[in-house]
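A note on names: the letters A, B, ... follow the listed sequences, proteins ahead of strands, and every chain is numbered from 1. In this text, all values refer to a predicted model and were calculated from it rather than measured experimentally.
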There are 2 protein chains.
Amino acid sequence: MSGQTAKTISEREYSISDLAKEFGITSRSIRHYEDEKLICPERRGVHRIYSARDRVRLQLILRGKRLGFSLAEIREIIDLYDLPEGKQKQAKLLVELIQKRRDALLQQRKDIEHMLKELDMLEQKLD
Amino acid sequence: MSGQTAKTISEREYSISDLAKEFGITSRSIRHYEDEKLICPERRGVHRIYSARDRVRLQLILRGKRLGFSLAEIREIIDLYDLPEGKQKQAKLLVELIQKRRDALLQQRKDIEHMLKELDMLEQKLD
DNA sequence: CAGCAAGTTTACGTTTGCGTAAAGGTAAGG
DNA sequence: CCTTACCTTTACGCAAACGTAAACTTGCTG
């Protein structure tokens, strides 16, 4: 694992393969997410160093993927989390985006409930 | 709309563009699903005639898509619904499939709850 | 029956999301 | 210094899921 000076637990650093192993994906994928501007790790020399924050971003990416969003959409979504804390000038625009996301998610939740019920019925049908 | 002899409501027939319009997709997509063996409408001459059952299949396809499944996976899933009613010889295999699906769906549901919560927090952050 | 919208097949094009070499740089241990 | 393990960039490849154009047929409709 990446050498660390044991300060705060939140200051852990990760190599690309650390994260790849942890999340069961390839390094190639992680680099691809970077190409697509979804994540942007620090560089120590030429090597990528991932922070705890970066790790969270990666989790968000993977969650988005499980939900069927495209990488471009996922970028939109996680960009919402990185508001400059002061600039809510585009707040209205953001709220719209959020609303659209929520609608999509609520629809998906319905879809899932449907499918789960139908799977139950199927299973019962098999005595 | 497609001419119909007004028998039972469940005997309605649909043209390819009827369904395309209703579900907001292109005819090309529907034909593609047919190429991929996801749906198989009756033919009257060379034209495709879709039954109410076909319509339901299409709904299932689109639901699967919203959930991020590939067309191949969706075919697996809807094939589950078309059991020959008597042949549960492969029942064990089916139950496994169902279990896998359910696990994936439960994970997705978690993902959705997470995202919804985070969207709520984001919205509040915008005072 | 002529016209026109809507349907059909065939087939090549495009985008997304990585896989997979190729060709080499870097850091730590022995 | 040399090996070994891991990292890097560059770039071509590929499957999935349609888009799109071409060229033709069908079948109402005036």
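Proximity of A/Arg48 to the phosphate of D/dT8: a side-chain N or O atom is located under 4.0 Å from OP1 or OP2. Neither OP1 nor OP2 of D/dA17 sits under 4.0 Å from any side-chain N or O of B/Lys65.
At a cut-off of 3.5 angstrom, counting only N and O atoms as typed in the model, there is a donor on one side and an acceptor on the other between the side-chain of B/Arg28 and the base of D/dT20.
The side-chain contact (heavy atoms from CB on, under 4.5 Å) search around A/His32 returns A/Arg28, A/Glu36, A/Leu71, not counting sequence neighbours. Every salt bridge (charged side-chain N to carboxylate O under 4.0 Å, His left out) that A/Arg43 has, sequence neighbours left out, goes to A/Glu34. A search for side-chain contact (heavy atoms from CB on, under 4.5 Å) contacts involving A/Arg31 returns A/Ile16, A/Ser27, A/Arg48, not counting sequence neighbours.
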Quick one: which protein N/O atoms are closer than 3.5 Å to N/O atoms of nucleotides 1-6 of chain D? Pair and distance per line, please.
none

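No side-chain N or O of B/Asp120 forms a donor-acceptor pair with one of B/Gln124 less than 3.5 Å apart. Between the side chains of A/Gln107 and A/Asp103, no donor-acceptor pair is found at a separation under 3.5 Å.
Counting all heavy atoms, side chain and backbone alike, B/Asp54 lies closest to B/Ile49 at OD2-O, 3.9 Å.
The CD1 atom of A/Ile74 sits 9.5 Å away from the CG atom of A/Leu60 when rounded to the nearest 0.5 Å.
In the region residues 29-45 of chain B, proximity to DNA chain D at under 4.0 angstrom, judged on heavy atoms, holds for B/Ser29, B/His32, B/Tyr33.
With salt bridges taken as basic N to acidic carboxylate O contacts below 4.0 Å, none links A/Glu76 and A/Lys100.
The backbone N or O of B/Ile112 sits nowhere less than 3.5 Å from a side-chain atom of A/Gln108 that would complete a donor-acceptor pair. Checked by atom type and distance alone, the side chain of B/Arg55 never pairs as donor or acceptor with a backbone atom of B/Leu19 at under 3.5 Å. Looking at A/Ser17, its side chain never comes within 3.5 Å of a backbone N or O of A/Ala20 through a donor-acceptor pair.
Within 4.0 Å (heavy atoms only), B/Ser27 reaches no atom of the nucleic acid at all.
Of the residues near DNA chain D, B/Val46 and B/Leu71, the one whose nearest nucleotide (by heavy atom distance) lies more toward the 5' end is B/Leu71.
Chain B approaches DNA chain C within less than 4.0 angstrom (heavy atoms of the protein), and the contacting nucleotides run 5' to 3' from C/dA6 to C/dA11.
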